[in-house]
Each structure stands twice: as structure tokens, then as C-alpha cells.
Amino acid sequence: MNFKIFAELIELKAKTASVFPFLLGLGYSLYHYHSANPIPLIIYFVAMFFFNCFVDIWDNYNDYHKAVDTADYQKNTNIIGRENIAMWLIKMLLAFFFFTSLLLGLIVAMMTGWTVFWLGLICYFVGVFYAAGPRPLSSLPVGEFLSGITMGFLIFLICVYINAHASFVWNSITIMDAFLIALPNSLLIANLMLANNTCDLDEDEKNYRFTIVHYIGKKAALKWWITSIFISFIAVVAAVLLKLLPVVMLIILFIIPLILKFSKPYLNEQVKKKTFISSVKILMVFQLTQVILLFISLLF
């Protein structure tokens, strides 16, 4: 297996979806709590990245074995069948990424508190059963919600807690503040899954995967997709007004025309190979701008 195939197997291009919530958590910790905890934070990052690799390989593995369309999807679309990757190698990679991430997560929990363990356990549950079992979460109308919450919110929240665990207070206000900061990431990551499922609607139905798009239809899915983008900008403005984020974050409003430009091709045509990239671009540009502005604010 060469690096190009390995990168596709772990979906390396999509890793920014989890890396940026981590960076946002670091920036928010420094801005709001004036605190960072480098060693457990680095260990957590590696654990998070490894588990993300496990989830993507696990997803490909389960899709390969459960494919009803064996003539086309299993042999020509799924990377395991298309590249003839040995099953022993897939299983070895799954074991390595899962158990290494679990061990590192336990180390972080022992260093900072077992709250990390329980929050991480939720992520592990969603990650494992997202593609596994008789009715995987990804084949149900909850996949978008769960991916947004775990990757957009919990990764962020765990990062904030690791950095500020000595002064972090668990109450409704603290949780709601963190949720508001993470809301744009949660919505746009969920949008990524929604766009994927919208593009794959026909293929998913052939393989008995009935996602939210199956129930609400493409028209409603597109309306929610664009609405989520606008709510993401509103959330940033609300966080600034509540003084949870610095005023400099309002500069993010200037990327609205660019985001709208990215969204038009997808809204016009939902084709995986042609327009799904629109959702990826929107997520990356929004996250990158958000993180850069937050870290710039730390200089003043």
C-alpha cells in the first residue's frame, strides 16, 4: 500500500474537520481561561487523530462487507475492493489505531481527570457504531447530528477541559458558552455529512442506508444545508456580543460572499465528484478563518 492509497483509506483530506475544533479549543482556552496544558494536550491530539483514522478505516471496512451492490460499489467504488487491499492489513491498522488511541486517552484521563475518559467514551461509542452493527448510525437519520456533536463540540470541549481543568467549572452556563463557540463547527461538520448523503442518496438507498435525506428529501436537505451556514455566522456574532469571543472575530463576516460563491455549485447540482467539494471548502475556509482570528486576538 502506497501513501496515496493509505491517505484515501484514512480520508486524510477530511482530517481538518477534527483538527480545527481542537485548535479552536486551544485558542478559546488561552483567550477565556488564560490556560494551556501542553503535554496532555499533545497526547490528546495524537489520540484524537489516531481514533479518527480508525473510524474512517472502520467505515470503509464495514461498507465493503455490507455492500449489497457487490458488482459495482464493492469492487469499483469502495477503496478496499478497488485497490485490493489485504484484509489482514486492514485489521492490523484497525487494531493499531484503536488500541493506541485508547491507551493515550487513558493516559490523558489520568493526568487531567476522568471527565476526559467519559467524554471520550461517547466519542468512541459513536465512532465504533457509526459504521458497525446491523443498523449503523451512519445509515440512520442521526448520522449528521452525531458527527457534528462529537467532532464539532466534544473534541472542542475536551480540549478546553484539558487546558483549564484546574479552574473549569461544570455548570449549565459553562456548557452553553462552550456549545455556542463550537456551534459553527458542529453545524458545518454535520453539513459535510449531509452533503455527502445528499449526493449519495440513490446509492445509499440501493444499499439500504436510509439517512435523513431519505426521509426529508433533497429539497429540504438543501434548505437546511444553507440555513446551517447562516446560523454559523450568527453564532459567532452572538458569542462576540456575549463577550465570549473578541471583537476581532467579527471580521469573519467578510468571508460571507466567498462562502456563498462556494455554495452555488452544490445548490445547483448535487454530484459527489463535482460539487461535494463545495461543502469541504466552506468548512475549511470558515474553520481556518475562525482559528486564525482567535489566535490573532491573543497577540493584543
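- Judged purely by atom type and a 3.5 angstrom limit, N163 has no side-chain atom pairing as donor or acceptor with the backbone of S29.
- Remark: F145 CZ is loosely packed, at most 12 non-hydrogen atoms of other residues, nucleotides or ligands lying under 6.0 Å away.
- Annotation: side chain of D200 is in contact with side chain of K272 (closest heavy-atom distance under 4.5 Å).
- In terms of heavy-atom proximity, P265 sits nearest to T275 at O-CG2, 3.4 Å.
- Of the candidates L9, I90, I85, D56, Y61 forms a side chain to side chain contact (heavy atoms under 4.5 Å, CB included) with just one, namely I90.
- Taking the six-membered ring for Trp and the full ring otherwise, the centers of Y28 and F156 sit less than 6.0 Å from each other.
- Following chains of ILVMFWY side-chain contacts shorter than 4.5 Å, one cannot reach I234 starting from I229, and the two form parts of different hydrophobic clusters.
- Residues C53 and I10 share a closest heavy-atom pair of SG-CD1, 3.9 Å.
- In terms of the side-chain contact (heavy atoms from CB on, under 4.5 Å) criterion, residue partners of L293 (sequence neighbours excluded) are, by chain and number, V248, M249, I251, I252, T289.
- For NZ of K91, the number of neighbouring non-hydrogen atoms (other residues, nucleotides, ligands) closer than 6.0 Å is 12 at most.
- With rounding to the nearest 0.5 angstrom, the CD1 atom of I162 is 11.5 Å from the CD1 atom of I42.
- Contact of the F117 side chain with the L106 side chain is registered, since non-hydrogen atoms from C-beta on lie closer than 4.5 Å.
- Q270 is linked by a side-chain hydrogen bond (donor to acceptor under 3.5 Å, both in side chains) to nothing, counting only residues two or more places apart in sequence or in another chain.
- For the pair S147 (side chain) and E144 (backbone), a donor-acceptor distance under 3.5 Å is present.
- In the displayed structure, M110 atom CE is contacted under 6.0 Å by more than 12 heavy atoms of other residues, nucleotides or ligands.
- A donor-acceptor distance shorter than 3.5 angstrom exists from the side chain of T174 to the backbone of V169, with no hydrogens or angles considered.
- For the atom pair CH2 (W114) and CG (L121), the distance works out to 11.0 Å, reported to the nearest 0.5 Å.
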Review point. Stepwise, does the ring pair (Phe, Tyr, Trp, His ring centres under 6.0 Å) test hold for F153 with F179?
Key: CA-CA 7 Å; F153 178 54; F179 181 77; 5.5 Å; yes
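- Judged by distance alone, the side chain of N2 and the main-chain N or O of I5 form a donor-acceptor pair under 3.5 Å.
- Checked by atom type and distance alone, the side chain of N197 pairs as donor or acceptor with a backbone atom of M193 at under 3.5 Å.
- Note: K243 NZ to D177 CG = 13.5 Å, rounded to the nearest 0.5 Å.
- Counting all heavy atoms, side chain and backbone alike, L157 lies closest to F168 at CD1-CZ, 4.1 Å.
- Residues V271 and L194 fall into different hydrophobic clusters, defined by Ile, Leu, Val, Met, Phe, Trp and Tyr side chains chained together at heavy-atom separations under 4.5 Å.
- The structure places CG of N191 at 5.5 Å from OG of S279, a figure rounded to the nearest 0.5 Å.
- Taking the side chain as every heavy atom from C-beta outward, L267 and I226 approach each other to under 4.5 Å.
- Aromatic rings from F45 and F22 are positioned such that their centres are separated by under 6.0 Å.
- Cluster annotation: M176 is not connected to L242 through the hydrophobic network of ILVMFWY side chains, with a link wherever side-chain heavy atoms come within less than 4.5 Å.
- Applying the ring-ring contact (aromatic ring centres under 6.0 Å, His included) definition to pairs two or more places apart or across chains, those involving residues 81-100 are F50-F96, F50-F97, F54-F98, F98-Y124.
- Shown here is L288, whose CG atom has more than 12 heavy atoms of other residues, nucleotides or ligands within 6.0 Å.
- Using a 4.5 Å cut-off on side-chain heavy atoms (C-beta onward), V116 and M111 make no contact.
- Each of I173 and L241 belongs to its own hydrophobic cluster when Ile, Leu, Val, Met, Phe, Trp and Tyr are linked at side-chain heavy-atom distances under 4.5 angstrom.
- For the pairing with C159, the side chain to side chain contact (heavy atoms under 4.5 Å, CB included) check across L23, L26, L154 returns one residue only, L26.
- With rounding to the nearest 0.5 Å, the separation of CD1 in I282 from CD1 in I259 is 5.5 Å.
- Nearest approach of Y31 to L245, heavy atoms of both residues: OH-C, 3.8 Å.
- In this structure the side chain of Y33 reaches within 4.5 angstrom of the side chain of S167, judged on heavy atoms.
- Within 6.0 Å of atom NZ in K223, 12 or fewer heavy atoms from other residues, nucleotides or ligands are found, so the atom counts as exposed in its surroundings.
- The aromatic ring centres of W225 and Y266 sit less than 6.0 Å apart.
- Ring planes of F233 and F286: perpendicular class, angle over 60° (limits at 30 and 60°).
- To the nearest 0.5 Å, atom CG of residue L192 and atom CG of residue L283 are 6.0 Å apart.
- Enclosure of atom CH2 in W118 is not indicated, since only 12 or fewer non-hydrogen atoms of other residues, nucleotides or ligands lie within 6.0 angstrom.
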Check your understanding: Which is it for S228 and W224 under the side-chain hydrogen bond (donor to acceptor under 3.5 Å, both in side chains) test, yes or no, and what are the steps along the way?
Key -> CA-CA 6 Å; S228 293; W224 175 246; 3.2 Å; yes
Exercise for review: Dump the intermediate steps for side-chain hydrogen bond (donor to acceptor under 3.5 Å, both in side chains) on Q290 and N185, then the final yes or no.
Suggested key: CA-CA 10 Å; Q290 190 182 32; N185 278 300; 3.2 Å; yes
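- Atom CE of M284 is surrounded by 12 or fewer heavy atoms from other residues, nucleotides or ligands within 6.0 Å.
- In terms of heavy atoms, T112 sits closest to Y161 at O-OH, 3.4 Å.
- Using a distance-only test at 3.5 Å, with no hydrogens or angles considered, a donor-acceptor pair links the side chain of S278 to the main chain of F262.
- Contact between L104 and A47 at its shortest, heavy atoms only, is CB-CB, 3.7 Å.
- The aromatic rings of F6 and F3 sit tilted relative to each other, their planes meeting at an angle between 30° and 60°.
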